[in-house]
Amino acid sequence: MYNLNKPHIHNEYELLSYLARKIDPSTALDDSLPADATELMLHCPSHHDETPSLALSVKEDKALIHCFAGCSTEDILKVCGLKMSDLFL
């Protein structure tokens with residue numbers, strides 16, 4: 001089923017940008033992000049995070065999320081209003 005809240009995303013860069021903004025709205029992504037960027041460190045929304053502890057990477061049409069503090073992907077997505085299907089192009 002198509003997620004009506006997810007914009008039509010054409011490539012891995014757009015997926016990375018979309019998810020980064022949903023996960024960490026304080027992230028100031030702008031045109032300075034290289035077009036070939038595939039990985040970012042973000043603040044985890046599932047716990048109090050003074051320094052970025054969440055790795056977001058996109059490879060082969062899918063996003064991978066890993067919180068180094070131990071938060072589950074499901075918990076992170078729930079806090080952000082995302083679904084597992086949002087991690088795929």
Side-chain angles (χ1 to χ4, degrees):
M1 179 177 195
Y2 183 73
N3 183 347
L4 298 176
N5 295 322
K6 181 179 171 186
H8 188 69
I9 295 174
H10 300 94
N11 57 49
E12 292 175 354
Y13 175 83
E14 289 178 6
L15 181 60
L16 182 73
S17 296
Y18 168 73
L19 291 173
R21 285 186 176 94
K22 293 290 282 186
I23 292 168
D24 186 2
S26 67
T27 301
L29 293 179
D30 55 22
D31 295 335
S32 65
L33 185 65
D36 61 349
T38 59
E39 195 172 301
L40 293 172
M41 288 299 294
L42 304 168
H43 292 95
C44 179
S46 290
H47 72 275
H48 180 69
D49 203 7
E50 301 253 339
T51 58
S53 65
L54 186 140
L56 169 64
S57 60
V58 176
K59 187 175 181 180
E60 299 176 6
D61 299 339
K62 66 180 172 275
L64 303 172
I65 295 174
H66 177 75
C67 175
F68 289 94
C71 299
S72 72
T73 298
E74 291 83 4
D75 287 344
I76 295 164
L77 295 176
K78 185 176 180 180
V79 168
C80 299
L82 295 168
K83 300 176 182 177
M84 279 292 196
S85 61
D86 290 322
L87 300 180
F88 300 89
L89 277 180

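Both Tyr18 and Leu16 sit in one connected hydrophobic cluster of ILVMFWY residues. Membership requires side-chain heavy atoms under 4.5 Å apart, directly or through other members. Note on Tyr13: it clusters hydrophobically with Leu87, by side-chain heavy-atom contacts below 4.5 Å among ILVMFWY residues.
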Start with the C-alpha distance between Lys78 and Ser46, add both sets of side-chain angles, then the distance that settles side chain to side chain contact (heavy atoms under 4.5 Å, CB included), and finish with yes or no.
CA-CA 9 Å; Lys78 185 176 180 180; Ser46 290; over 6 Å; no
Please walk me through it: do Met84 and Leu77 pass side chain to side chain contact (heavy atoms under 4.5 Å, CB included)?
CA-CA 7 Å; Met84 279 292 196; Leu77 295 176; 3.7 Å; yes
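Here the straight-line distance linking atom CD of Glu12 with atom OG of Ser17 works out to 12.0 Å at 0.5 Å rounding. Rounding to the nearest 0.5 angstrom, the gap separating the CG atom in Leu54 from the NE2 atom in His47 is 8.5 Å. Here CD of Glu14 is found 8.5 Å from CG of Leu89. Values are rounded to the nearest 0.5 Å. Rounded to the nearest 0.5 angstrom, Leu15 CG and His10 NE2 are separated by 12.5 Å.
Screening Leu82, Leu40, Asp24 against Leu19 for a side-chain contact (heavy atoms from CB on, under 4.5 Å) leaves a single residue, Leu82.
The two residues Leu42 and Asp49 have their closest heavy-atom pair at O-OD2, 3.9 Å.
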Under 3.5 Å donor-acceptor pairs involving side-chain atoms of residues 56-72, not counting sequence neighbours:
residue, atom, partner, partner atom, Å
Ser72, OG, Asp75, N, 3.0
Ser72, OG, Asp75, OD2, 3.2

